[in-house]
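See structure below.
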Amino acid sequence: MTTGHCLCGAVRVTITDLPRDFGICHCKMCQRWTGLAFAAIEVPDAQVTVEGEEHVSRYRSSDISTRSFCRICGSTLWFRDDGRPSYEIPVGLLDDADHLRLTHEIFVDRKPDGWGLAGDHPRETEQDYFRRKGHVPQPASRPASPAEGGQP
Ligand SMILES: [Zn+2]
Ligand SMILES: [Zn+2]
């Protein structure tokens, strides 16, 4: 059993059988959403319990995905793709993340040049990612311009 919560504590998650592997998305949308990069662990719905659902705000960031955040403190909560029954939960939300292991990065060609992560794990560019997924999502019409690109 693993627990986590947003900055103010209004939204709490409890996770059973937390997977050990996590990934990082460097797409421009995730940069804007999180401040730099989205480091997240994907957990199937059945393993996640959310408390404080009434404090969760949702932003439809593309035609296939939704990003949630705490409406009180603004913390990034999770990312969900349509038709994919899982939460992508930020590593930073968890009370204890010491045993987790970074296993992949995506949109590495989108990250600022001035920083990078060590390790010998797979790194996909934007093109690699969309080739694998076979779908280029359409960004939400308002903020993100199509030229910026973005995951999910
Ligand atoms: Zn909060
Ligand atoms: Zn992203």
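All ligand and atom numbering here is 1-based and tracks the order in the structure. Only a predicted model underlies this, so the values are computations on that prediction, with no experimental measurement involved.
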For Cys73 and Cys8, the nearest pair of non-hydrogen atoms, with its separation, is SG-N, 3.5 Å
| said: Can you classify the ring geometry of Tyr129 versus Phe107 as parallel (below 30°), tilted (30 to 60°) or perpendicular (above 60°)? | reply: tilted
Near the Zn ion (ligand 1), protein N/O/S count under 2.8 Å comes to 4
Row for the Zn ion (ligand 2): angle SG (Cys27) to SG (Cys25), 10° precision, value 110°
Residues at least two apart in sequence or cross-chain that pass salt bridge (Lys or Arg N to Asp or Glu O under 4.0 Å) with Asp63, listed by chain then number, are none
Looking at Asp82 and Arg60, is any side-chain nitrogen of the basic one under 4.0 Å from a carboxylate oxygen of the acidic one?
yes
Result for side-chain hydrogen bond (donor to acceptor under 3.5 Å, both in side chains) between His26 and one of Gln31, Glu126, Glu105 points to Glu105
Shortest non-hydrogen pair, Pro112 vs Leu36, comes out as CG-CD1, 4.1 Å
